[in-house]
*Asks:* 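The following block contains the structure, expressed as structure tokens.
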Amino acid sequence: MRTSGMGVTSQAVLPASLWAATAAKAPTYAPSGSVSRADVAVVGAGYTGLSTALHLAKRGLNVLVIEASEPGWGASGRNGGQIISGLKFEPDELEREFGDRLGPVMVSEMGSSGSLVRSLIEQYQIDCHARFDGWIHAAHGDKPMREIVGPRASQWKSRGVSTRVLDSAEVARMVGTPAGLYAGGWLDPRGGVLQPLSYARGLARAAIEEGATIYAYTPVRSISRSAGKWRLNLGSSEVIADRVVLATNAYTDDLWPGLKQTVVPVTSFQVATYPLPEDVRNSVIPGGQGVTDTRRLLHYFRLDHEGRLVMGGRSPVDDNPTMDDAAALTTTIARTFPQAASAPIQFLWSGKVALTKDSLPHIHVLDDGLFAALGCNGRGVANCTMIGKVMSEFVAGARADDLPLPVTAPDPFKMHAFRKIGVIVASQYYRLLDKLESK
């Protein structure tokens with residue numbers, strides 16, 4: 001069996017962004033071709049692939065990570081840097097869906113994903129400006145306050161998390177927004193913020209320290225199965241591995257037939273101001289939390305470690321956005337933080353988020369010794385780190401039934417070729433619903 005992907009040419013250099021401009025220095029990666037044999041080859045060096053490699057290397061396996069660009073090139077180096085524990089669904093809903101055995105384990109394990117991030121940062125002394133001051137989920141109207149905020153805060157509290165329900169005035173005070181802009185919200189103490197590219201580079205450095213090898217700017221041209229081994233064609237060299245993990249998420253191509261069709265890449269677009277003046281900075285999220293609202297087409301925002309206001313949201317813009325593309329987010333800044341309305345924009349950038357049909361992350365066995373993990377649906381910092389740990393257990397020999405996440409067959413989107421049109425239509429519909437629900 002032999003399959004070839006479209007990604008046969010290495011990706012461009014790291015796109016310009018706030019995170020690229022302020023990241024910790026990358027570690028030194030191994031020269032391509034220096035390794036010809038591995039117990040496990042991991043394709044993709046975002047959080048999922050790097051966490052998988054790190055945890056496998058800690059088990060003593062010979063691990064090679066192969067990245068078409070450089071670690072953190074994709075969403076892992078371009079996201080909002082918010083640490084959000086748990087999946088997008090309410091704990092009760094997950095337990096109903098997945099039953100008495102898997103449901104509670106899934107809720108508990110994914111609910112501790114932020115703690116895993118924190119422990120890795122502390123253990124490996126990752127320089128990524130991490131703060132664990134909590135995450136605020138702000139309700140954009142009375143209905144989401146009743147139907148989303150209240151139940152989630154209550155359900156997590158019943159499971160031992162010290163959540164706080166915030167009324168409208170408390171959100172305005174803690175976030176620095178005009179009175180009444182949000183109907184309320186809840187504070188999740190497990191959350192926080194970090195410099196996402198620095199975190200990715202820190203995971204890479206940690207994996208190397210544990211014995212893993214990482215190739216940068218080395219696309220996998222094809223993979224094939226022969227004599228019970230996997231052969232990865234890198235162009236000028238070949239790697240033979242017992243097992244392979246595909247961890248390419250929103251940047252999945254045709255390396256393995258049909259896998260790309262199981263996710264829809266959606267653009268996340270962000271802007272960052274110049275560092276705010278001290279008097280303005282002190283009035284914008286003074287507690288340092290990350291904030292996300294409850295809109296379907298959500299907005300998320302925070303301050304970076306140098307006092308810039310970072311605002312993000314969904315957008316039809318692909319890579320290389322311009323200032324003309326930033327109009328919607330600058331309007332959102334003015335509405336959300338009038339005190340920062342005149343702050344000039346210093347950086348703008350975009351990246352891809354992988355959405356799945358059920359809005360859950362997916363672990364697949366594609367063939368004997370060939371695994372895939374993808375689809376963090378916008379919660380990649382914590383969730384992808386945890387999924388990598390879970391994947392390492394699976395690859396190392398754990399039974400599927402013993403994992404805290406289900407192992408499923410790939411479930412492709414119908415008419416995936418028309419996904420861009422579908423995203424535009426869905427976005428217009430969601431925008432209408434969000435408007436109707438707003439105060």
Side-chain angles (χ1 to χ4, degrees), residues 5 7 10-15 17 19-20 23-24 26-27 29 40-57 63-84 113 116-117 120 126 128 194-208 212 214-220 244-253 255 259-260 262-263 265-268 319 349-356 361-364 371-392 395:
S10 62
Q11 302 281 2
V13 296
L14 196 69
S17 72
W19 309 129
Y29 303 118
V40 183
V42 178
V43 182
Y47 299 142
T48 303
L50 292 169
S51 178
T52 300
L54 169 60
H55 288 95
L56 284 171
V63 184
L64 171 64
V65 181
I66 309 170
E67 166 59 44
S69 297
E70 66 173 278
W73 181 90
S76 294
R78 299 190 233 173
N79 64 80
Q82 296 200 25
I83 305 163
I84 306 173
S113 57
L116 175 62
V117 171
L120 293 174
I126 297 176
C128 60
L194 49 65
Q195 213 282 16
L197 180 57
S198 293
Y199 177 56
R201 289 177 171 175
L203 288 178
R205 189 182 302 277
I208 293 169
I214 299 178
Y215 287 172
Y217 293 97
T218 307
V220 178
V244 175
V245 176
L246 303 181
T248 45
N249 234 319
Y251 295 88
T252 299
D253 61 12
L255 186 62
L259 188 60
K260 180 174 71 174
T262 66
V263 295
V266 175
T267 300
S268 185
D319 291 338
W349 69 97
S350 63
K352 300 293 185 184
V353 174
L355 304 184
T356 57
H362 290 173
I363 292 178
H364 305 306
F371 307 84
L374 69 176
C376 283
N377 298 277
R379 292 196 173 191
V381 175
N383 281 356
C384 286
T385 303
M386 178 60 76
I387 291 164
K389 179 176 180 290
V390 172
M391 178 59 81
S392 73
V395 173

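Side chains included, hydrogens not; waters and symmetry mates left out as well; all remaining heavy atoms used. Just so we're clear, the structure is a prediction, and the values are computed from it rather than from any experiment.
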*Asks:* Could you tell me which non-hydrogen atom of Pro15 sits nearest to which non-hydrogen atom of Trp73, and how far apart they are?
*Replies:*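 What the structure gives for the nearest pair is CD-NE1, 3.6 Å.
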
*Asks:* What pair of heavy atoms forms the shortest contact from Val353 to Gly378, and how long is it?
*Replies:*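 That would be CG1-N, 3.2 Å.
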
*Asks:* Backbone N or O of Thr385 within a donor-acceptor pair of the Ser51 side chain at under 3.5 Å?
*Replies:*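 Judged by distance alone, yes, a pair lies under 3.5 Å.
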
*Asks:* Is there side-chain contact between Arg201 and Pro27, with at least one heavy-atom pair below 4.5 Å?
*Replies:*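 A side-chain contact under 4.5 Å exists here.
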
*Asks:* Looking only at side-chain N and O atoms, does Lys352 offer a donor or acceptor that is under 3.5 Å from a partner on Thr267?
*Replies:*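 Yes, side-chain donor-acceptor contact under 3.5 Å.
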
*Asks:* Between Ala200 and Leu50, which heavy-atom pair has the shortest distance, and what is it?
*Replies:*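 Taking every non-hydrogen atom into account, O-CD1, 3.3 Å.
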
*Asks:* Can you tell me how far CG of Leu197 sits from OG of Ser76, rounded to the nearest 0.5 angstrom?
*Replies:*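 That separation rounds to 9.5 Å.
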
*Asks:* Side chains of Asp253 and Thr248, heavy atoms from C-beta outward: is any pair under 4.5 Å?
*Replies:*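 No, too far: nothing below the 4.5 Å cut-off.
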
*Asks:* Take Val43 and Val245, measure what side-chain contact (heavy atoms from CB on, under 4.5 Å) needs, and give me the verdict at the end.
*Replies:* CA-CA 6 Å; Val43 182; Val245 176; over 6 Å; no

*Asks:* With no hydrogens and no angle check, just 3.5 Å: does a side-chain donor-acceptor pair link Glu70 and Tyr217?
*Replies:*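 On atom types as modelled, these side chains qualify, holding a pair under 3.5 Å.
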
*Asks:* Could you grab the distance from atom CZ of Arg205 to atom CD1 of Ile126, nearest 0.5 Å is fine?
*Replies:*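 With rounding to 0.5 Å, CZ (Arg205) is 9.5 Å from CD1 (Ile126).
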
*Asks:* Do Val40 and Leu64 touch side chain to side chain, with heavy atoms closer than 4.5 Å?
*Replies:*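 Contact flag for Val40/Leu64 side chains = no.
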
*Asks:* With heavy-atom distances below 4.5 Å as the criterion, would you say the side chains of Val390 and Ser392 are in contact?
*Replies:*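 A side-chain contact under 4.5 Å is absent here.
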
*Asks:* Do the side chains of Leu56 and Lys389 get nearer than 4.5 Å, heavy atoms only?
*Replies:*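 Counting from C-beta outward, Lys389 and Leu56 never come under 4.5 Å.
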
*Asks:* After noting the C-alpha distance and the side-chain angles of Ile387 and Leu374, does the key distance pass the side-chain contact (heavy atoms from CB on, under 4.5 Å) rule?
*Replies:* CA-CA 9 Å; Ile387 291 164; Leu374 69 176; over 6 Å; no

*Asks:* To the closest 0.5 Å, what do you measure between NE2 (His362) and OG1 (Thr262)?
*Replies:*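 Interatomic distance, His362 NE2 to Thr262 OG1, rounded to 0.5 Å: 7.5 Å.
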
*Asks:* Would a 4.5 Å heavy-atom cut-off, applied to side chains only, mark Leu120 and Leu203 as touching?
*Replies:*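 SC-SC contact between Leu120 and Leu203 confirmed.
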
*Asks:* Please work out whether the ring planes of Tyr47 and Tyr199 are parallel, tilted or perpendicular, with thresholds of 30° and 60°.
*Replies:*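 Aromatic pair Tyr47/Tyr199 classed tilted.
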
*Asks:* Search all heavy atoms of Asn383 against all heavy atoms of Ser113 and return the closest pair with its distance.
*Replies:*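 Shortest heavy-atom contact: OD1-OG, 3.7 Å.
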
*Asks:* Please lay out, stage by stage, how Leu246 and His364 fare under the test side-chain contact (heavy atoms from CB on, under 4.5 Å).
*Replies:* CA-CA 10 Å; Leu246 303 181; His364 305 306; over 6 Å; no

*Asks:* With rounding to the nearest 0.5 Å, note down the distance linking CE in Met386 to NE2 in His55.
*Replies:*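 Nearest 0.5 Å value for the CE-NE2 distance: 8.0 Å.
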
*Asks:* Could you check whether any side-chain heavy atom of Thr218 comes within less than 4.5 Å of a side-chain heavy atom of Glu67, counting everything from C-beta outward?
*Replies:*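 SC-SC contact between Thr218 and Glu67 ruled out.
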
*Asks:* Indicate the atoms forming the closest heavy-atom contact of Val263 with Asn249, along with that distance.
*Replies:*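 Smallest interatomic distance, heavy atoms only, reads CG2-O, 4.0 Å.
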
*Asks:* Locate the shortest heavy-atom distance separating Ala382 from Ile83; write the atom from each residue and the value.
*Replies:*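 That closest heavy-atom pairing would be CB-CG2, 4.2 Å.
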
*Asks:* Quick one: salt bridge (Lys or Arg N to Asp or Glu O under 4.0 Å) partners of Arg78, sequence neighbours excluded?
*Replies:*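 So Arg78 forms a salt bridge (Lys or Arg N to Asp or Glu O under 4.0 Å) with Asp319.
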
*Asks:* Apply the test side-chain contact (heavy atoms from CB on, under 4.5 Å) to residues Val244 and Phe371: give CA-CA distance (whole Å), side-chain angles for both, the deciding distance (0.1 Å), then the verdict.
*Replies:* CA-CA 6 Å; Val244 175; Phe371 307 84; over 6 Å; no

*Asks:* Taking the side chain from Trp19 and the backbone from Gln195, do they hold a donor-acceptor pair closer than 3.5 Å?
*Replies:*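 A pair under 3.5 Å: no.
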
